[in-house]
Structure formats: C-alpha cells, structure tokens
Amino acid sequence: GLQAYRLCSCLASRPVTRSLSLTMANIFRRPRTVDELNAHGQNTAVSHLGITITEVGEDFLRGTMRVDQRTKQPYGLLHGGSSAMLAETLASVGANMCVEKEGQQAVGLELNCNHVRGVTEGIVTGTARPVHVGRKNQVWDIRIEDSRGKLCCVSRLTLAVIETTP
C-alpha cells in the first residue's frame with residue numbers, strides 16, 4: 001500500500017517529456033525507462049518480492065517475479081497475494097505514466113484477480129494493458145503467465161486519477 005503509493009507518487013511527480021496526444025500506439029505521457037522504474041521500486045514491497053519490470057512497450061508494461069519462498073503459500077503454490085502484487089504493481093506504474101499533468105496520480109480503487117492455474121516453480125510474467133485511460137479514472141487488464149506461457153492469473157485494476165497538489 002504505502003510503499004506502492006510512494007513508488008507511484010515519485011513517478012507521477014516527474015515532468016512530462018512527450019506530447020500529450022494519446023493513441024494506443026503512444027499511451028505513455030510520462031514515459032520512463034525500465035532502469036528508472038526498477039530503481040524506484042528498490043527498498044519497497046516490489047523489490048522484496050523480486051518483481052522486476054522488464055519491458056515498456058508502446059501500449060503495455062511487462063514484468064516478472066520468481067516463484068520462490070518469498071512468493072509461495074505454505075502449500076507450495078504461488079500465493080494469490082503475490083500475483084495480486086505483481087498485477088497491481090504493473091498496472092499502477094503504467095497508469096501513472098499515462099496521467100495528463102504534473103500534480104496528478106493514479107491510485108488503485110479495486111483489484112480483481114482470477115487464479116486459473118497453479119504455479120509451483122519458475123518465473124511468472126505479467127503484462128498490463130489499459131482498457132480505459134480517462135482524465136478521472138483508468139482501467140487496466142493484467143495477464144500473468146507461467147514459464148511455459150500458460151495463463152495462471154487474469155486481473156483487472158480500476159484506478160482513480162487524483163490531484164496531489166493543492
């Protein structure tokens with residue numbers, strides 16, 4: 001919660017470096033590099049779970065998380081909360097790169113996760129894509145796949161875009 005808020009707050013406060021035109025081929029109004037995004041996640045729950053952002057595409061954000069003792073539940077399966085953390089991280093970071101202006105921040109309102117396949121080892125990869133990017137709210141779809149490319153979790157995050165400066 002608070003650490004993800006700090007990560008997103010820091011990203012939202014950075015200056016706009018691209019045109020404000022929005023198309024599905026160019027959704028990020030406040031683009032960041034993979035290195036910048038991963039640096040912002042250091043010393044937070046994101047880095048604790050080993051979540052790494054691996055790719056920023058024209059209309060998506062992708063990241064990975066290892067299935068290990070940090071992310072498994074006591075029965076040896078990937079914990080649903082770990083999948084939720086990966087999903088919300090990717091969508092929140094992506095959403096904050098889409099906000100229109102400085103002083104705005106996208107914050108999560110609702111996260112829905114459907115866990116459709118158990119994972120016991122390897123690396124899971126999440127891909128977040130926007131369903132709706134508006135001035136006041138955003139909706140993102142996140143698909144998490146196992147090392148074989150099989151769907152293990154499908155998620156949707158709804159975010160509010162709020163003003164962070166008076």
Side-chain angles (χ1 to χ4, degrees), residues 1-12 14 24-99 105-133 138-159:
L2 181 59
Q3 292 177 358
Y5 173 83
R6 287 182 182 144
L7 170 66
C8 294
S9 174
C10 184
L11 293 174
R14 306 271 311 255
M24 285 312 287
N26 179 20
I27 65 166
F28 299 120
R29 296 173 172 157
R30 299 171 176 272
R32 303 287 177 263
T33 67
V34 167
D35 290 339
E36 288 175 310
L37 296 173
N38 287 317
H40 284 297
Q42 290 303 307
N43 301 313
T44 69
V46 173
S47 63
H48 177 72
L49 287 185
I51 295 172
T52 302
I53 295 173
T54 58
E55 185 178 359
V56 179
E58 290 184 345
D59 69 343
F60 68 90
L61 193 68
R62 184 167 288 136
T64 60
M65 179 177 65
R66 183 168 296 284
V67 179
D68 62 18
Q69 76 283 355
R70 299 169 297 175
T71 59
K72 286 183 181 181
Q73 40 121 303
Y75 301 103
L77 295 170
L78 176 63
H79 195 292
S82 298
S83 295
M85 180 73 170
L86 176 60
E88 186 159 0
T89 297
L90 294 173
S92 293
V93 170
N96 275 287
M97 291 194 303
C98 290
V99 295
Q105 181 178 356
V107 295
L109 292 176
E110 180 187 18
L111 176 66
N112 173 278
C113 298
N114 291 288
H115 308 287
V116 297
R117 177 176 279 108
V119 181
T120 58
E121 62 184 6
I123 293 175
V124 291
T125 301
T127 304
R129 284 189 162 82
V131 174
H132 168 74
V133 176
Q138 296 185 30
V139 179
W140 285 69
D141 180 69
I142 310 96
R143 296 175 61 85
I144 300 174
E145 299 176 344
D146 65 16
S147 300
R148 298 170 301 160
K150 300 281 189 177
L151 182 67
C152 58
C153 179
V154 61
S155 303
R156 180 164 284 197
L157 179 64
T158 303
L159 305 103

Q: For the pair Val99 and Arg29, evaluate side chain to side chain contact (heavy atoms under 4.5 Å, CB included) and give the outcome as yes or no after the intermediate values.
A: CA-CA 7 Å; Val99 295; Arg29 296 173 172 157; over 6 Å; no
(Q) Please evaluate residues Met65 and Thr89 with respect to the criterion side chain to side chain contact (heavy atoms under 4.5 Å, CB included), reporting the C-alpha separation (whole Å), side-chain torsions for both, the decisive distance (0.1 Å), and the verdict. (A) CA-CA 11 Å; Met65 179 177 65; Thr89 297; over 6 Å; no
Show me the donor-acceptor pairs within less than 3.5 Å that the side chains of residues 115-126 make with the rest of the protein, sequence neighbours left out.
{"unit_1": "Arg117", "atom_1": "NH1", "unit_2": "Leu151", "atom_2": "O", "d": "2.9"}

Interatomic spacing from [atom1] in [X] to [atom2] in [Y] - rounded to 0.5 Å:
X	Y	atom1	atom2	answer
Asn114	Cys153	CG	SG	7.0 Å
Asp68	Ser82	CG	OG	9.0 Å
Leu49	Ser83	CG	OG	10.5 Å
Ile144	Leu78	CD1	CG	7.5 Å
His132	Leu159	NE2	CG	10.5 Å

Q: Have a look at Val46 and tell me which of Glu88, Met85, His40 forms a side-chain contact (heavy atoms from CB on, under 4.5 Å) with it.
A: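 With Val46 as partner, Glu88, Met85, His40 yield a single side-chain contact (heavy atoms from CB on, under 4.5 Å), made by Met85.
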Contact summary for [X] and [Y], nearest pair of heavy atoms:
X	Y	answer
Ile142	Ala128	CG1-CB, 3.9 Å
Leu90	Leu61	O-CD2, 3.2 Å
Pro130	Asp59	CD-O, 3.4 Å
Phe28	Cys98	CD2-SG, 3.8 Å
Leu157	Ala91	CD2-CB, 3.5 Å
Ala106	Asn96	N-OD1, 2.9 Å

Q | Worked check of side chain to side chain contact (heavy atoms under 4.5 Å, CB included) between Met97 and Leu37 | A | CA-CA 10 Å; Met97 291 194 303; Leu37 296 173; 4.2 Å; yes
Q. Got Val133 and Ile27 here, is their nearest side-chain heavy-atom distance under 4.5 Å?
A.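 Val133 vs Ile27: side chains apart.
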Q | Qualifying residues under side-chain hydrogen bond (donor to acceptor under 3.5 Å, both in side chains), relative to Asn38, sequence neighbours excluded | A |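 By the side-chain hydrogen bond (donor to acceptor under 3.5 Å, both in side chains) rule, Asn38 matches no residue at all.
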Q: List for me each residue that meets side-chain hydrogen bond (donor to acceptor under 3.5 Å, both in side chains) alongside Arg143, sequence neighbours excluded, and say none if there are none.
A: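 Per chain and number, Arg143 pairs via side-chain hydrogen bond (donor to acceptor under 3.5 Å, both in side chains) with no residue.
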Q. Checking side chain to side chain donor-acceptor pair (under 3.5 Å) against Thr127, which of Glu145, Arg62, Glu55 comes through?
A.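 So, applying the side chain to side chain donor-acceptor pair (under 3.5 Å) to Thr127 and each of Glu145, Arg62, Glu55, only Arg62 qualifies.
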Q | Pair Thr71-His79, side chain to side chain contact (heavy atoms under 4.5 Å, CB included): steps then yes or no | A | CA-CA 6 Å; Thr71 59; His79 195 292; 5.9 Å; no
